[in-house]
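Remember, it's a predicted structure, so these values are computed and weren't measured experimentally. One is the number of the first residue; the rest follow in order along the sequence.
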Amino acid sequence: MDGGAAELRETHRLTGHADRAWSLAWNPNPGPGAGPVLASCGGDKTVRIWKRAPDGVWDCSDVLDGVHERTVRSCAWSPDGKLLATASFDGTTAIWEYSGGDFECVATLEGHDNEVKSVSWSQSGSLLATCSRDKAVWIWEVQPGNEHECVAVLQGHTQDVKMVQWHPVLSVLVSVSYDNTIRVWADDGDDDWHCVQTLTEADNGGHSSTVWSVSFNQKGDRMVTCSDDCTLKIWDTSVDLSQPTTGEVHESWRHLSTLSGHHGRTIFSAHWSSEDVIASGAGDDAICLYAEEKSTMVEGPLYRLILKKEKAHDMDVNCVRWCPQDPRVLASASDDGTVKLWELRGNVLE
């Protein structure tokens, strides 16, 4: 469906990574008077910090290197914006702190058998989740003095775990995997974490191939996932799965909608903006944007394609992330080694 006047315009191209750019993270709390701050990580074993100068120019302010020995696959800021976690194929997760005008590695988390694929902070900042090719999800508790204690090792996936993501409101964790499933994990109140729901193709209308990415809307009542099957799936996540079930009726998260036919290859990343626009990046080098159709004629939610930006990058688009301070600004990272910034213009939520 034609999105009308909506336009995604490239505003900046950030170069510096000597290998593919894998992942991106916007600092949610860059500090009083500070402009947006973006972290990118890649196959060159480094993390780059990008800041916007008062004149609007973006510069690399810091290069975090010398800690990871292999690809840095994922990066995530703590909710207060003071710490940056980086997950690497060397099997470790590093914690960086910005202090005295410089970044310092203050902790290294070890335990996974091999490549760490993703890292995510809980909304309170008290817990950190990591996942790996070893099929496990680890939950770490942040303690004083930059100490971290592993409080749970979650087993259940039968293949490589691609991404972990905490729910923005509820005390639950989501993991997605090469085994085609989405697992939801919760604490029973005694620090005993267990899987409370598994979303599969057969039982829940889930994906038919590897699930790569997961993102929630701001309220946390919707979730989007994307996959090797070239689809995005929208889920109703309004049920609080962190609460014990009572009685015989077991409420659960459920599939709402499938978006297909827009990307021709694997969709590696999907992200929900605070204005309820979903962005996706894929192996067809394109970026697509979607929004909910505000219609009373259709039962249930219907999502439509706003626009498709062909050849957004020269190679696979590995990550897309909306800026929390400016919800019309989108960042993308690619196998071509570049990070691009885009501005969404026009009326997209008609």
Are the side chains of [Y] and [X] in contact, using a 4.5 Å heavy-atom criterion?
| X | Y | result |
| --- | --- | --- |
| I182 | H207 | yes |
| R73 | F89 | yes |
| D284 | K308 | yes |
| L199 | V211 | no |
| V67 | T86 | no |
| I278 | I234 | yes |
| C75 | C41 | yes |
| W253 | V174 | yes |

Exercise for review: Calculate, to the nearest 0.5 Å, the distance between atoms CG and OH belonging to L259 and Y303 respectively.
Suggested key: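 Atom-to-atom, L259:CG and Y303:OH are 8.5 Å apart.
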
Would the distance check show the side chain of [X] and the main-chain N or O of [Y] forming a donor-acceptor pair, the cut-off being under 3.5 Å?
| X | Y | value |
| --- | --- | --- |
| Q325 | N27 | yes |
| H255 | S257 | yes |
| T231 | S260 | no |
| D187 | D192 | yes |

Review point. Mind checking whether W212 and F268 have parallel, tilted or perpendicular rings, split at 30° and 60°?
Key: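 Aromatic pair W212/F268 classed perpendicular.
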
Point to revise | Mutual orientation of the aromatic rings belonging to Y290 and H262 [parallel < 30°, tilted 30-60°, perpendicular > 60°] | key: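 The rings of Y290 and H262 sit tilted, inter-plane angle from 30° to 60°.
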
Point to revise | Heavy-atom pair with the smallest gap, counting every atom of L305 and L307 | key: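 Scanning both residues, the minimum pair turns out to be CD1-O, 3.4 Å.
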
Review point. Where do T237 and R222 come nearest, in terms of heavy atoms and distance?
Key: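 Closest heavy-atom pair between T237 and R222: OG1-N, 3.2 Å.
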
Practice item. Report the residues that fulfil salt bridge (Lys or Arg N to Asp or Glu O under 4.0 Å) with K82, sequence neighbours left out, ordered by chain and then residue number. Key: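 Per chain and number, K82 pairs via salt bridge (Lys or Arg N to Asp or Glu O under 4.0 Å) with no residue.
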
Exercise for review: I would like to know whether W185 and S175 meet side-chain hydrogen bond (donor to acceptor under 3.5 Å, both in side chains); could you show each step before the answer?
Suggested key: CA-CA 8 Å; W185 309 85; S175 58; 2.8 Å; yes

Exercise for review: Might you confirm whether atom CD of Q218 has over 12 heavy atoms from other residues, nucleotides or ligands at distances under 6.0 Å?
Suggested key: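 Count not over threshold, so no.
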
Practice item. State whether the number of non-hydrogen atoms from other residues, nucleotides or ligands found under 6.0 Å of F216 atom CZ is greater than 12. Key: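 For F216, atom CZ is crowded (more than 12 foreign heavy atoms under 6.0 Å).
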
Check your understanding: If you measure from the Lys or Arg side-chain nitrogens to the Asp or Glu carboxylate oxygens, is any gap between K162 and D228 under 4.0 Å?
Key ->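 No, no charged N to carboxylate O under 4.0 Å.
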
Practice item. Take R9 and E7, measure what salt bridge (Lys or Arg N to Asp or Glu O under 4.0 Å) needs, and give me the verdict at the end. Key: CA-CA 6 Å; R9 181 185 173 197; E7 176 194 6; 5.4 Å; no

Practice item. Compute whether any side-chain donor of one residue and acceptor of the other, for S132 and N114, lie under 3.5 angstrom apart. Key: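 Result is yes, a qualifying pair exists.
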
Review point. Any luck finding a side-chain donor-acceptor pair between H17 and D44 under 3.5 Å?
Key: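 Result is yes, a qualifying pair exists.
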
Exercise for review: Scan for salt bridge (Lys or Arg N to Asp or Glu O under 4.0 Å) pairs involving residues 12-24, sequence neighbours excluded, and state none if there are none.
Suggested key: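 Listed once each, the pairs are E10-R13, R20-D335.
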
**Study point:** Sole candidate of L127, T93, T108, L109 that passes side chain to side chain contact (heavy atoms under 4.5 Å, CB included) when paired with H148
**Key:**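 Answer to the side chain to side chain contact (heavy atoms under 4.5 Å, CB included) test with H148 among L127, T93, T108, L109: L109.
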
Check your understanding: What residue pairs, at least two apart or across chains, pass ring pair (Phe, Tyr, Trp, His ring centres under 6.0 Å) with a residue in residues 91-121?
Key ->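 Residue pairs with at least one partner in residues 91-121: Y98-F103, H112-W138.
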
